[in-house]
Amino acid sequence: MKKGAAMTKRDVGGASGRPAATQMAFPLRRVTAMTSDRFINGPSNVAARAWLARSQWPDGRLWLWGPSGTGKTHLLTAWAHEHDATVLDARLFSRSSAGGRIRVQGNLAIDNADSPGDEATMLHLLNDALSQGDRVLMAGRLPPSRSHFMLPDLASRLRATATTATGEPEDDLRATLLLSLLADRQLVVSQSVTEWLWRHLPRTGNALVSAVERLDEAALVRKQPITRALALEMLPDLLTPEE
């Protein structure tokens, strides 16, 4: 399969194998920017990258967890892109999808796995993958041991799953991440403003992502460049006070 092609190798239908009358649409992640060569490596994600590089996982499953903004979705999407896997968002699972028996042929990547919209759907997908010998990568903010699942079978299955984590970015990675986030949105920001933002934003990946999103939206609406004054106005809850 061509690497740039959409990862849609799945058969959605009923137990009889015939197409269901109503099929659920699961939007796939945009993969053009979330490739492995564009991921920013650092000590905070080295363990996760090592696990993803393995050719096998115990029972074919791996759970990737960590704070928001630390690259989990990027790693999950890149892995799916390289292993011809279908990408699903667990928050979109519903009782109707469980009744229709969503079926996926091939490897599977499930984002937001710690907050599934319907646990039966997720359990069915894991059972199908195990019986088919397919691999499943799951990502969430919390590990299974700290996530709450109502279905005992799903809870026990996930708590027996191998886990790996991403951590908050170190300083060098934060600096590169900020520049990458600005570049992805084609934002031209002066070096003095970029360095000022890096010094005054919280030391978390989520803070960088949130700041760039807000600044991009404000600059677009106002049709003005991103300046220190604009940042002070739009990010009062994120920026540390001036010394």
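Values reported hereafter were calculated over all heavy atoms of this structure, with side chains retained and with hydrogens, waters and symmetry mates removed. Nothing fancy with the numbering, it's 1 onward along the sequence.
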Original post:
Is there a side-chain contact between Leu126 and Met138, using heavy atoms and a 4.5 Å cut-off?
Top reply: yes

Original post:
Where the side chain of Asp89 meets the backbone of Arg91, is there a donor-acceptor pair that is under 3.5 Å apart?
Top reply: yes

Subject >> Other residues, nucleotides, ligands: >12 heavy atoms within 6.0 Å of Arg141 CZ >> reply: no

Original post:
If you round to the nearest 0.5 Å, how far is OG1 of Thr70 from CG of Asn45?
Top reply: 8.5 Å

**OP:** Rounded to the nearest 0.5 Å, what's the gap from CZ on Phe149 to CZ on Arg157? Could you check?
**Re:** 12.5 Å

Original post:
Does atom CD of Glu213 have more than 12 heavy-atom neighbours, drawn from other residues, nucleotides or ligands, at distances under 6.0 Å?
Top reply: yes

Original post:
Are Leu52 and Leu62 side-chain neighbours, meaning at least one heavy-atom pair lies under 4.5 Å?
Top reply: yes

**OP:** Check for a donor-acceptor pair, side chain of Ser156 on one end and backbone N or O of Pro152 on the other, with a separation under 3.5 Å.
**Re:** yes

Original post:
Distance-only, no hydrogens or angles: does the Glu119 side chain make a donor-acceptor pair with backbone N or O of Ala155 under 3.5 Å?
Top reply: no

Original post:
Which pair of non-hydrogen atoms, one from Pro225 and one from Leu230, has the smallest distance, and what is that distance?
Top reply: O-CD2, 3.8 Å

Original post:
Does any N or O in the side chain of Lys72 come within less than 3.5 Å of the main-chain N or O of Pro67, such that one atom is a donor and the other an acceptor?
Top reply: yes

**OP:** Over all heavy atoms of both residues, which pair between Leu173 and Gly42 is shortest? Give the atoms and the distance, please.
**Re:** CD2-CA, 4.4 Å

Original post:
In Å and rounded to the nearest 0.5 Å, what is the CD1 to CZ distance from Ile110 to Phe93?
Top reply: 4.5 Å

Original post:
Taking the side chain from Trp63 and the backbone from Leu142, do they hold a donor-acceptor pair closer than 3.5 Å?
Top reply: yes

Original post:
Is it the case that Asp114 and Ser147 place a side-chain donor and acceptor less than 3.5 Å from each other?
Top reply: no

Subject >> Transitive ILVMFWY side-chain link Val136 to Leu130, under 4.5 Å >> reply: no

Subject >> Heavy-atom side-chain contact between Asp184 and Val212 under 4.5 Å >> reply: no

**OP:** Name the orientation class of the two ring planes belonging to Trp79 and His83 (parallel below 30°, tilted from 30 to 60°, perpendicular beyond 60°).
**Re:** parallel

Original post:
Given the rule that I, L, V, M, F, W and Y join up when any side-chain heavy atoms are under 4.5 Å apart, are Leu64 and Val46 in one cluster?
Top reply: no

Original post:
If every non-hydrogen atom of Leu75 is compared with every non-hydrogen atom of Ala48, which pair is closest and at what distance?
Top reply: CD1-CB, 4.2 Å

Original post:
Can Arg54 be said to sit on top of Trp51's aromatic six-ring, NZ or CZ under 6.0 Å from centre and within 45° of the ring axis?
Top reply: yes

Subject >> Expected output: side-chain Thr77 to main-chain Thr73 donor-acceptor under 3.5 Å >> reply: yes

Original post:
What residue among Thr194, Leu197, Leu208 forms side chain to side chain contact (heavy atoms under 4.5 Å, CB included) with Leu182?
Top reply: Thr194

Original post:
So, Glu170 and Ser44: side-chain donor and acceptor under 3.5 Å apart, yes or no?
Top reply: yes

**OP:** To the nearest 0.5 Å, tell me how far Leu123 CG sits from Asp128 CG.
**Re:** 9.5 Å

**OP:** Provide the closest heavy-atom pair for Arg174 versus Trp198 in the form atom of the first, atom of the second, distance.
**Re:** NH2-O, 2.9 Å

Original post:
Which atoms form the tightest heavy-atom contact between Phe39 and Gly71, and what is the distance?
Top reply: CE1-O, 3.7 Å

Original post:
If Ile, Leu, Val, Met, Phe, Trp and Tyr residues are connected whenever their side-chain heavy atoms lie under 4.5 Å apart, and connections chain through other members, are Trp196 and Leu179 in the same group?
Top reply: no

Subject >> Leu158 side, atom CG; Arg61 side, atom CZ - distance, nearest 0.5 Å >> reply: 7.0 Å

Subject >> Residue Asn127 excluded, over 12 heavy atoms near CG under 6.0 Å >> reply: yes

Original post:
Do Asp59 and Thr161 have side chains that get closer than 4.5 Å, going by heavy atoms?
Top reply: no

Subject >> ILVMFWY cluster, Leu215 and Leu220 together (side-chain gap under 4.5 Å) >> reply: no

**OP:** State, yes or no, whether a side-chain contact exists between Met122 and Leu151 at a heavy-atom distance under 4.5 Å.
**Re:** no

Subject >> CG-CD1 distance between Asp172 and Ile40, expressed to the nearest 0.5 angstrom >> reply: 11.5 Å

Subject >> Shortest non-hydrogen separation from Asn107 to Val104 and the atoms involved >> reply: O-CG1, 4.2 Å

Original post:
Ion pair present between Arg203 and Asp171, side-chain N to carboxylate O less than 4.0 angstrom?
Top reply: yes

Original post:
Judged by modelled atom types alone, do Thr35 and Asp37 share a side-chain donor-acceptor pair under 3.5 Å?
Top reply: yes

